[in-house]
Amino acid sequence: MHIPDKFLKPYNPRESEGVMYKKWEESGYFNPDNLPGERNEPFTVVMPPPNANGSLHAGHGLVFAIEDTMVRFQRMCGKKALWIPGADHAGFETQVVYEKELQKEGRSRFQMDPKELYDEIMEFTLGNKSFMENQIRELGASCDWSRALFTLDDRVIKTVYDTFKQLEKDALLYRGARSVNWCPKHQTSLANLETQHHDRTDKFYYFQYGPFVIGTARPETKFGDKYVVMHPEDKRYKEYEHGQKIEVEWINGPITATIIKDEAGDPDIGSGVMTITPWHSAVDFDIAKRHDLDYEQIIDWRGKLLPIAGEFAGMPITLAREKIVEKLDAKGLLVKIDDAYEHAVPCCYKCDREIEPQIREQWFIKMGPLAERALQAVDNREVEFVTKRDERVFRHWLENIEDWPIARQIVWGIPIPAKICTTCMHGMVDLDDSIKECAKCGGAVEHDPDTFDTWFSSGQWPLCTTGFPDSEDFTTYYPTSVMETGKDILFFWVARMIMLGLYRTGKVPFEKVYLNGMVRDGKGQKMSKSKGNVVSPLEISEKYGTDALRMALIVGNTPGTDINLDIQKVNAYKKFANKLWNISRFILTAVEEAYIQEQPSLSESDAEILHAFNEIVRDVTDDLNNFRYHLASEKIYQYVWHELADVILEESKALLQEEGDAKRSRQWLLYHLLTQSLKILHPFMPFVTEEIWQSLPVTDVDMLIVAPWPKG
RNA sequence: GGGCGUUUAGCUCAGUUGGCUAGAGCAACUCGUUUACACCGAGUAGGCCGGGGGUUCGAGUCCCUCAACGCCCACCA
């Protein structure tokens, strides 16, 4: 049979992929409304919206490979397959990226008008957004662009505001002075999840504090310490009574200290006595609250000492630490220094600067009831984890959940619709800007200057993308089928979506959770810009083809396990694409069109081959239905290369020399195996399979993307 | 401090409910350019499945224990 000239050259992904994606997009098949045939059962995946502040990284490559594979498979199986793309404004993340841009120009956000800054970041983000959307196309994602959503679209903001209001009504929202993680560089509070702990060895100082010896790693906070805490049962200090006042000589002269007996005092640590700094320690703050103690700010928002420090005022804490120790030593109050004190310090996850705990009025969401309902949903199997180990991690986190501080002191984000009383700091949710005075004290109010933690809005993403509460899509596609994303955002995102989805609708936002591991470099090292080992999926796709990249990411990659993106592996699948190309060339050359239309009666050996192939199809189908992409892809690869090409094609060469029924049977079989192999391979390697499909003389449908999945 | 996990060929990893004579890719070695493909083919070599104990007719797979490594969470006296 005559074959197209293109088969005379090796497969060239560069020539093919862009054209093919365009064809798919123009076919309208990414939108389930346009899919052929009667389709009743929906299959929905909401894409984790990539941050619109840069290029896609290898992790995105993996996420899109897996999601596209599942969506293409379900589409071929006759489902109303919907994959909803999006873009994330990524609040704090993007602001940090943009601040670096500003820095390059010698500018700073702290010298800018908030509105001006917001507009600039918006322009920056929208530019990145369209850039990034094209990258998603290059990776072959068959998502429905007509339903694409941006996390700052009006629809999202409306849903987020309604949820905020609802939380207030249900008494799940509160505002209070509490210890928060403050980043002195970025000038915002952060949730615990947004800090990372670093192990450090520091000096630990023992000072004479009146009759006691106290220990501390942070002398610079000790100015305001006027409470001495010890365990009520500690026999060493039984002569002291709770509330007793004593005079002690301290850093800047004599002060009056008060004895506090509290079980937080651990007799086994140091002398068993400690002084507390409630403003700069969450533990100390809890103690202070229990006993209704005073607290005072020692360190300002930028990490420098306040006037209470006297001669040390204005000093950054590290410098002040040494000077204070020198002074206490000079006064004879330094008892000893232990220089091998090991502890973990929380740092800003973006800049690594040490977090300074500060007391600040903040909005918090009471998470207990939300977590309880989420746990119930897991118990009832309303939501199931494909990666069982993550379910255990998830449960553990929910069982120990903390209230969620949702305000950030940055401009790039959704403004918090609230008024704050300038007199008593009382906060009131105000969606329509109607509150003019404080409901508590009648004082003047002003707009809350803060924005939402970006995860608060992302946590409602499945609602927003499906058009909650009253769109037709919401009825059809919610709850969605699978949430597939990186395991690193289990708490940040997946957990919040489950809780907020349940809270707003009573239903889980998705039925299955599939968490992929992290993509590492070829040697198993974590990719990072500073190491210079970051691999761009787009560059790989350009050089080796998207299909090869996808296979390298999927084959052998067990759910939840990290994968090394080895360029040699990519190359191996580039060769495989070409192998498939040549298999097609051979078969198209060998068969005659007249013999491939209808199935003839098969020779015994051909019937066996067909039987064996159908076995593979059933096996692979079962794998795909159970998220075993790593196995399905490998099985097809093995079959196509080492059975179809190495065995069947080779023995066909002789068979096809002879005329008669055997030849007729074999011709039909070869063509059948080709078309069916293309089908089962299509979810994994969409480009090369479609390219070949469109060159076939006889097919059941024009485009492979909507070809019916073989029965097996 | 708490939680989760990993350990299988030189390297990177599969191995689904216990049936395995333990597989793949890459790397290595030998041979082969007869028209699908050198982005190839035929073949070879390489493993007490981390150590120890147990359950079982049978364990890479289940249980206990030890060891090494990794990840996550966490209020820095």
Exercise. Output yes when Asp521(A) and Lys523(A) qualify as a salt bridge under the 4.0 Å nitrogen-oxygen rule, no when they do not.
Key: no
Quiz prompt | Thr558(A) side-chain N/O to A14(B) phosphate OP1/OP2 under 4.0 Å | solution = yes
Quiz item: Between His197(A) and C72(B), does any side-chain N or O lie under 4.0 Å from OP1 or OP2?
Solution: no
Quiz item: Do any side-chain nitrogens or oxygens of Trp641(A) fall under 4.0 Å of OP1 or OP2 in G41(B)?
Solution: yes
Quiz item: Asp566(A) near the nucleic acid: base, sugar-phosphate alone, or nothing, with a heavy-atom cut-off under 4.0 Å?
Solution: nothing
Quiz prompt | Any Asn400(A) side-chain N or O less than 4.0 Å from OP1/OP2 of G2(B) | solution = no
Quiz prompt | With Gln362(A) via side chain to side chain donor-acceptor pair (under 3.5 Å) - residues at least two apart | solution = Ser189(A)
Quiz item: A36(B) phosphate, OP1 or OP2: any side-chain N/O from Lys653(A) under 4.0 angstrom?
Solution: yes
Quiz prompt | Given G5(B), A24(B), G15(B), the nucleotide with the shortest approach to the side chain of Leu631(A) | solution = G15(B)
Quiz item: In residues 487-499 of chain A, what residues come within less than 4.0 Å of RNA chain B, judged by heavy atoms?
Solution: Phe491(A)
Quiz item: Is the phosphate of C40(B), meaning OP1 or OP2, less than 4.0 Å from a side-chain N or O of Lys575(A)?
Solution: yes
Quiz item: Are Arg392(A) and G5(B) close enough that a side-chain N or O sits under 4.0 Å from OP1 or OP2?
Solution: yes
Quiz item: Does a sphere of radius 6.0 Å around NZ in Lys6(A) hold more than 12 heavy atoms from other residues, nucleotides or ligands, not counting ones at 6.0 Å or beyond?
Solution: yes
Quiz item: Between A36(B), A74(B), A42(B), which nucleotide gets closest to the side-chain atoms of Asp646(A)?
Solution: A42(B)
